[in-house]
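Here the structure is a predicted model, which means the values were calculated and not measured.
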Amino acid sequence: MSRASLWRSTLLIPVYLGVLSAIVALFHVLILVTPLKRLFFRRNISRTPVIHEDREAGLLNEVKANIKSNGGIVIWSYKLARLLGSIALFGVATTAAIIACDDNFQANGKHWGKKHRGRHGRHRHRFSDYEWLQIALAAFYMYTSFLALCTLILSKRAKRPAKNHLNILFSSALFVYLYRDVWPLATFTLHPVDPHHWTTWTSIALLVLVAVIVPIFMPHEYVPIDPSNPSKDVNPEQTASWFTFFCFTFLDPIVFEASRTDHLPYEALPPLADYDAGDHLRKTSFPLIDPLVLGRRRHLFWGLMTYFYKEFIALAFLIFLKVVVGFAGPLGINRLLTYIENGGRDAVVRPWVWISWLFIGPLVGSAAMQWYIFINTRTLVRIEAILTQLVFEHSLRIRMKEEVPASEKPTGGTTVVPTPESEPGEPEPGNGHQTDGITTAGGTSQGESSSRRAASKGKDKPKKETSVAPSVASSTAGTSTKKAENLVGKINNFVSTDLGNITEARDFLFMVWYTPLQIAICVWFLYSILGVASILGMGVLIASIPVPSLIGALLQKVNKERMERTDSRVQAITEYINVLRMIKLFAWEGRVQQKMSEKREEELRWTKKRQFLQLLNMNTNYLLPLLVMIVTFASYTLVFKHELTASRVFSSIAVFDMLRDQLHIVLWGVNAVIQGKVSLDRLTDFLNNTELLDSFSDAKKDTQIHITAPADPNAIGFRNATFAWAESLSGTPTPGRRNFRLKIEGELYFTQGGVNMIVGPTGAGKTSILMALLGEMHFQPAGPDAFFNLPRSGGVSFCSQEPWITNQTIRDNILFGSPYEEERYKKGTCSSRRKHSLIVSQCSINAP
């Protein structure tokens, strides 16, 4: 072996990687451990105080402390075994270098150990090429022994890079030995490169121990997500070894316990892993998916992809592995039948290799698929938790308002949820006046009976509270009469139906990655077996692509319409349940049942269309692969006049079966993916385009409204404030839509620790005052000193107005359980300002 070929020896690949690892480790020490860290990472230096534990002196106590710091006796034993294995590899490499000049070793190794002699018989080099290789490997194993020792004695932060370097170096050394000495045994033409000596096979066995057995079977150390708040009870999943995790044996204790009892209590279940806690998911995911935290609009899909990019990269790799090993069976069938047809002529790989592929391929593919299912399901559960929190939290930010037809929405860059433009009812005669479309309700007397002013300069000012309701919305002829946005029904559907649709679309990677990859490999494999005939078959497949594309477009349209009908039905059910007592009191059951039946029939009509399209989708999936196979075989035999041998027929049929299964998966999953896309679009629209409360929406405006703080931060009240349910809209005033305004001039404070009464006729703005105080209305300051204040440090509770009507007589509803006193009863009903609306007979009032 020449000196140039010595440096190109594959046995030096682990050595080169070891040198690279040493350089990276040195850089890590210089930058991250020494004071240079302050220069490079000045802002990210954590000042966590170091806690020194009091330890008892003595070697035994030091060993016990080291075992505890490594996560227990089991992990410590595996690390010790890896250290001893690395030391043993160093000893074997040193022994191989020493005994390389032995005659028996030279004979077994085909003169690997011969010295290079000059013309006069002198040694040109002191060591042979094989000895130099073993010396380099001995130095390599010395470095790995040092890393193995570091994994035992260093801190947890320094152990992780040392462990990663160690696994990479041992794996590379094992791969090199397998390529040089094991793979040639599976061929007819190659021979092992290294000497057939006990040192070679001992090195391979030790590498299997330290590179395969120890990393796979060694449990993981628990690393808390928040080091300052570690979990008291650790989930077994967090400390399971790769083998235990792969076989799910860490669940065996809970399975066995459940098999011995009829009912497993909740306390017996494993604790939730800290990286799956809802608070952790919210803190880490909201900056990427919540538009309010993110500061800009982005589709929810891209936010989720950014947060779960590691999981999706792992899923893409597992899909790639599944596709590649899926062709091990067809390739093994083809090579094995070709070997039988040719009688073994020109064969390179032994037949038992192809037979083993028929078992190894499905085994690895099944394992990859199980890992895919596990990672995908875990990611899906986290997505459900994140989206549920996001929907409910965003629901607290939006302005819940009465809904109007979508055609009356204000035009602009942002589509918002419609606004109630007026309070229910109109001001009663005598309590207000109407002039040129402006209704003024309330007066000085009403304002003074509403609350008492603070003892300040507000006493010298006349108290005035008005509510103005000019009509500003436009109503043009011929506008669309679309249905109103069903906001309450949407929110219910977001956390139920839409979340379920997103769950069903979890396998979208099969559409965008698995399908193109497998079809491409199928085409390449069929072309290598059947030649140009396979291109004709693929041409038929490509020509038929518009058929499933058309079906998919129709499915998307039908699913969107069906979800809108579902929103309307859920909204109606929610409203009817809220007023169920009133429905029964007025005997409206039949009418309500009729309206619900109409909405359900409309929803079922679109559901029926979806089912028909799915049936057409499945039939197309069955016919297309069959048509492609018929065209391919017919053109191969009838057009190109080739003979179909057993190796071509059986292997190509296996590939056509894979293609058929693939199309089945695609055409079956396209409906789920379309439904998931529709639901993600709906959620994105809900997050980006719903109208928020001023306390949230003003943060996104270029011009913010600065509210002057009151002199007393605990005061409850207003000063020179105007509130509206909707933003100012331009247009021609119409009687069909009103822009209600609540105007408070001067100062108006509520007395704390007492009862404050707001008195006024229907539509005067009594409820609006409370809604404005809670921030549910748009604040429009009338001057630089305008403000409204409601301290929330001690919490705020609000009980909304809700009628309570029992299924009894009117008198019983008025008394509401109080004893009947005729004089008081008549006096109360006669003094009522709405007595003219109670035009009922005496017998009706006194009816039982």
With side-chain hydrogen bond (donor to acceptor under 3.5 Å, both in side chains) as the criterion, how do Tyr222 and Asp274 come out once you've worked through the C-alpha distance, each side chain's angles and the decisive distance to 0.1 Å? CA-CA 11 Å; Tyr222 168 63; Asp274 50 5; 2.9 Å; yes
What are the two closest heavy atoms between Ile502 and Leu680, and how far apart are they? CD1-CD2, 3.7 Å
More than 12 foreign heavy atoms under 6.0 Å from NZ of Lys557: is that the case here? no
Centroid-to-centroid, Phe508 to Phe301, below 6.0 Å? yes
Ion pair present between Arg297 and Asp685, side-chain N to carboxylate O less than 4.0 angstrom? no
Report the residue from Arg378, Arg382, Arg282 that forms a salt bridge (charged side-chain N to carboxylate O under 4.0 Å, His left out) with Asp276. Arg382
Are side-chain heavy atoms of Phe312 and Thr306 found at a separation under 4.5 Å? no
Between Leu272 and Ala277 the two heavy atoms that sit nearest each other are CD2-CA, 3.8 Å
Within a strict 4.5 Å, meaning less than it, do heavy atoms of the Leu526 and Phe656 side chains meet? yes
Can you tell me which residue among Thr515, Leu517, Ile521 is in a side-chain contact (heavy atoms from CB on, under 4.5 Å) with Ile519? Thr515
Establish, yes or no, whether a centroid distance under 6.0 Å links the rings of Tyr372 and Phe510. yes
For the residue pair Phe494 and Phe686, does the interplanar ring angle fall in the parallel (under 30°), tilted (30 to 60°) or perpendicular (over 60°) class? tilted
Just by distance, do the side chain of Gln238 and the backbone of Val223 share a donor-acceptor pair under 3.5 Å? no
Tell me whether Phe374 at atom CZ has more than 12 heavy atoms from other residues, nucleotides or ligands lying less than 6.0 Å away. yes
Does some side-chain heavy atom of Leu683 sit less than 4.5 Å from a side-chain heavy atom of Ser679? no
Backbone N or O of Ala316 within a donor-acceptor pair of the Trp513 side chain at under 3.5 Å? yes
Is a side-chain donor or acceptor of Thr574 paired with a backbone partner of Val570 at a separation under 3.5 angstrom? yes
Phe320 atom CZ, over 12 foreign heavy atoms within 6.0 Å: no
Donor-acceptor contact below 3.5 Å, side chain Thr244 vs main chain Ala240: no
Looking at every heavy atom in both Ala385 and Leu281, which two are closest together, and how far apart are they? CB-CD1, 4.2 Å
Candidate pair Ile398 and His394, rule side-chain contact (heavy atoms from CB on, under 4.5 Å), full reasoning: CA-CA 7 Å; Ile398 65 177; His394 192 72; 3.7 Å; yes
Once rounded to the nearest 0.5 Å, what's the spacing between atom CH2 of Trp588 and atom CZ of Arg591? 11.0 Å
Please evaluate residues Leu294 and Ile289 with respect to the criterion side-chain contact (heavy atoms from CB on, under 4.5 Å), reporting the C-alpha separation (whole Å), side-chain torsions for both, the decisive distance (0.1 Å), and the verdict. CA-CA 7 Å; Leu294 186 62; Ile289 64 175; over 6 Å; no
What residues, two or more places apart in sequence or in another chain, satisfy side chain to side chain donor-acceptor pair (under 3.5 Å) together with Asn235? none
Looking at Thr379 and Ile375, would you say the former's side chain and the latter's main chain have a donor-acceptor pair under 3.5 Å? yes
Gap separating the CE atom of Met369 from the CG atom of Leu318, nearest 0.5 angstrom: 9.5 Å
Other residues, nucleotides and ligands only: do more than 12 of their heavy atoms fall within 6.0 Å of CD on Gln593? no
Salt-bridged, Glu602 to Lys599, with N to O below 4.0 Å? no
Test side-chain contact (heavy atoms from CB on, under 4.5 Å) on Tyr576 and Leu580; report intermediate values, then the result. CA-CA 6 Å; Tyr576 290 150; Leu580 188 60; over 6 Å; no
For Phe248, does the CZ atom have more than 12 heavy-atom neighbours from other residues, nucleotides or ligands under 6.0 Å away? yes
Is the closest side-chain heavy-atom distance between Met563 and Asn501 below 4.5 Å? yes
Determine yes or no for a side-chain-to-main-chain donor-acceptor pair under 3.5 angstrom, with His778 supplying the side chain and Phe723 the backbone. no
For Ala367 and Phe246 the tightest heavy-atom approach is CB-CZ, 3.4 Å
Please lay out, stage by stage, how Arg600 and Glu603 fare under the test salt bridge (charged side-chain N to carboxylate O under 4.0 Å, His left out). CA-CA 5 Å; Arg600 181 58 177 166; Glu603 181 184 7; 2.9 Å; yes
Nearest 0.5 Å, what's the CD1-CD1 distance between Ile551 and Ile674? 10.0 Å
Kindly give the heavy-atom pair with the smallest separation between Ile254 and Ala268, and that separation in Å. CD1-O, 3.2 Å
Option passing side-chain hydrogen bond (donor to acceptor under 3.5 Å, both in side chains) with Asn559 (candidates Lys677, Glu564, Gln675): Gln675
Please report the interatomic distance OG(Ser285) to CD1(Ile383), rounded to the nearest 0.5 Å. 10.0 Å
Straight-line distance of Glu311 CD to Leu304 CG, nearest 0.5 Å: 11.5 Å
Decide ring pair (Phe, Tyr, Trp, His ring centres under 6.0 Å) for Trp371 and Phe245; before the verdict, give the C-alpha distance in whole Å, the side-chain angles of both, and the deciding distance to 0.1 Å. CA-CA 10 Å; Trp371 269 74; Phe245 194 74; 5.6 Å; yes
Nearest heavy-atom contact between Glu384 and Thr503 is OE2-OG1, 2.7 Å
Indicate whether any N or O donor in one side chain lies under 3.5 Å from an N or O acceptor in the other, for Asn688 and Arg298. no
Sub-3.5 Å donor-acceptor pair from the side chain of Arg610 to the main-chain atoms of Arg562, do we have one? no
Pair Asp226, His280 - check side-chain hydrogen bond (donor to acceptor under 3.5 Å, both in side chains), show working. CA-CA 9 Å; Asp226 184 5; His280 170 71; over 6 Å; no
